[in-house]
Structure formats: C-alpha cells, structure tokens
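Before any comments, here is the structure.
Since this is a predicted model, take the numbers as computed values, not measurements. Hydrogens, waters and symmetry mates are skipped; everything else that's a heavy atom, side chains included, is used.
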Amino acid sequence: QGIKEIWELTLTDGRKVRSCEEHLWKVYNPEWADDDKKRGQRNEETGWRIIELREINRMLSETKKVLYLPLPERTANEGASEPKMDPYLLGALLGDGCTLKSNIGFTNKDADIIERVSGEIEPPFRLCLLKGETIYWRISAPKNSGTRNKNKYMEILREMGAWGKKAEEKSIPEECFSWSWENRKELVKGLLDTDGYAGKTSQIIFYSTSQKLAEGFARLIWSIGGMCKIKNKQTYYSYLNEKRKGKPSYVCQVRHEQGK
C-alpha cells in the first residue's frame, strides 16, 4: 500500500493515539442517537457509527459535532506480576504515608480506612497509634517478634523506589503497571480512599501535590478501562494575614463505567 500519512489524535483526557486515515473507528454522536430513536432504534448501538478517520477529520473541521469513543474493556491478565505487598496498602501509603523517618508513618482518622489498612498488614507487623497522637500511626512489630529490627514493609518500599520521598516527589512504582487488573484496581482504591473523594455530581476526584503521582494515577485509571483528565490548580495559604502561593496541586478527574 506504500507509505501512508499518519495522524496523531489527542483525546480529551490527554491520551494520544496514531492512525492512518483509512482506519475504522467506532464513534458516538448525540445527534445520531436522536435520529436512531426517531427511526425506532433503541438498543446498545443507538447513536454509534463505524467510520474512517478521514470522515472524523472532516466532521471535526467542518461541523460542530461532538464525537465520543467507547471506553476500553477490561484487559486480560496473562503474564501479570505478583505484588510485593498488598496493593490497597501500597495505595494508602502513597496517599497518606510518610517514609522520610526511620519508620513508616501513616496519618488518617477515618475508622474504616484504618481498619482496612490494619487488616492488610501481615503479622507480626501491625498498625500502632503513637503515644500522645490521635491520627498518626506507625507500621511496626513487637520487639520480641523475631524480626531483628527489620521492617519488611520498609524494605519493600525501598526496593520499589518509593522510600524517602516527600509528598511532591511521590510516584507510582513502575512495576505496579504490570500487575493484574484486580490488583491495579485495589491500588487505585487505596489512593482514592486517602487522597480522593466523590464530587457533587458523583465525579471521582484525586488530588496530589506530586505531578508524577498524578500522572501515574491517570495511567492506572486508563489501564483499568477508565478516563482520567489532569488539571493544574494553584493553592494558597495565609501567613500573618498575607495570602501566599502554596505548592501546585494536580487534580485528577475520573470517569469509569463501573464507578466502584
């Protein structure tokens, strides 16, 4: 077929894909859905068409039509690697954990999250509330546990390159992206339980002061069949009645068909 011209498409959540003009795409348009319903077509294919990229280019340049792509389905898990620690626990530590001291700290006051994190820690290690604290916890083992002062969770975080990171330096270890779909989903749950929330319109939001962590989170969402768009947000704080700029924040807006 000779040399073909290749186009690069940028989706609304920042993902990019390359395609030739003859490639077929399944796309949705609200106007097509209205036309189909008028003709009595009311099923899962209502509003969808399969057209070439050439036609998509024409429509986007000559009309104001909005086109949507279907979200990718769940991918197979062949060749998935096994996590070195529980995925939910890792997500929670990346969100609310502190790895700058001589122990693993975890700051949270939500009873359900504390219970879940505690339940994912293998004995003899446990989640202990520090003396005089109300929300600062530590993962440690009793002195007579035979661990020889070695914290296996600390060692795992070091192996994964997640130890000794400030909040704005955190990132998702590369090996996590080769985990199974179920384990990547649990990692997302741990991150959302600590640094995420559901907005007024049921939109899922994840906040981070680390650009790398936000980008890794978006990549995780894409890998489990969702959409994620990152927006930058400037934060401010008050000092001596003076408004000052804080660290930049990265806001991840998530959409997923399952929503769980």
Under 3.5 Å donor-acceptor, [X] side chain and [Y] backbone:
X: Thr46; Y: Gln41; result: yes
X: Ser223; Y: Leu220; result: yes
X: Ser118; Y: Ile114; result: no
X: Gln234; Y: Gly246; result: yes
X: Arg184; Y: Trp179; result: yes

Does the side chain of Ser81 pick up a donor-acceptor pair with the side chain of Ser178 at under 3.5 Å?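 A pair is found: one side chain offers a donor N or O, the other an acceptor, under 3.5 Å apart.
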
We want to know whether Trp48 and Asn29 form a side-chain donor-acceptor pair, criterion being a heavy-atom distance below 3.5 angstrom.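 Result is no, nothing qualifies.
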
Min side-chain heavy-atom separation [X]-[Y] under 4.5 Å:
X: Ile221; Y: Met227; result: no
X: Met160; Y: Glu175; result: yes
X: Gln203; Y: Arg255; result: no
X: Asp193; Y: Tyr88; result: yes
X: Leu67; Y: Trp32; result: yes
X: Tyr68; Y: Val27; result: no

Take Glu45 and Lys26 through the salt bridge (Lys or Arg N to Asp or Glu O under 4.0 Å) test and state the conclusion after the steps. CA-CA 10 Å; Glu45 293 302 318; Lys26 183 177 181 179; 3.3 Å; yes

Whether Phe125 and Tyr153 hold their rings parallel, tilted or perpendicular, with breakpoints at 30° and 60°: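 Because their plane-to-plane angle is over 60°, the rings of Phe125 and Tyr153 count as perpendicular.
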
Listing request: all salt bridge (charged side-chain N to carboxylate O under 4.0 Å, His left out) pairs with a residue in residues 208-222, at least two apart in sequence or in separate chains.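 Listed once each, the pairs are Glu174-Arg219.
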
Output every pair passing salt bridge (charged side-chain N to carboxylate O under 4.0 Å, His left out) with a member in residues 90-111, not counting sequence neighbours, ordered by first then second residue.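 Salt bridge (charged side-chain N to carboxylate O under 4.0 Å, His left out) check on residues 90-111 returns no pairs.
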
Side chain to side chain donor-acceptor pair (under 3.5 Å): pairs with one or both residues in [range], sequence neighbours excluded:
range: residues 52-61; value: Glu22-Arg54, Glu52-Arg54, Glu55-Arg58, Arg58-Glu62
range: residues 123-140; value: none
range: residues 161-171; value: Glu168-Lys247

Against Ile172, only a single residue in Leu90, Leu191, Val188 fulfils side chain to side chain contact (heavy atoms under 4.5 Å, CB included); can you say which?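 It is Leu191; the other options fail the test.
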
Among Val251, Val254, Asp195, exactly one meets side chain to side chain contact (heavy atoms under 4.5 Å, CB included) together with Ile205. Which residue is that?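 So the option named by the test is Val251.
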
Checking Ser19 now: which residues fulfil side chain to side chain donor-acceptor pair (under 3.5 Å) with it, not counting sequence neighbours?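 Scan of Ser19 (side chain to side chain donor-acceptor pair (under 3.5 Å), adjacent residues dropped) gives Trp25.
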
Where [X] and [Y] come nearest, the two heavy atoms and their spacing:
X: Ile156; Y: Met85; value: CG2-CE, 3.8 Å
X: Cys228; Y: Asp13; value: O-CB, 3.0 Å
X: Ala214; Y: Ile230; value: O-CD1, 3.6 Å

Does Arg116 pair with Glu186 as a salt bridge, N-O distance under 4.0 Å?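 Yes, Arg116 and Glu186 are salt-bridged.
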
Applying salt bridge (Lys or Arg N to Asp or Glu O under 4.0 Å) to Asp34 and Lys37, what does each step give before you reach the verdict? CA-CA 5 Å; Asp34 291 339; Lys37 291 174 182 177; 5.0 Å; no

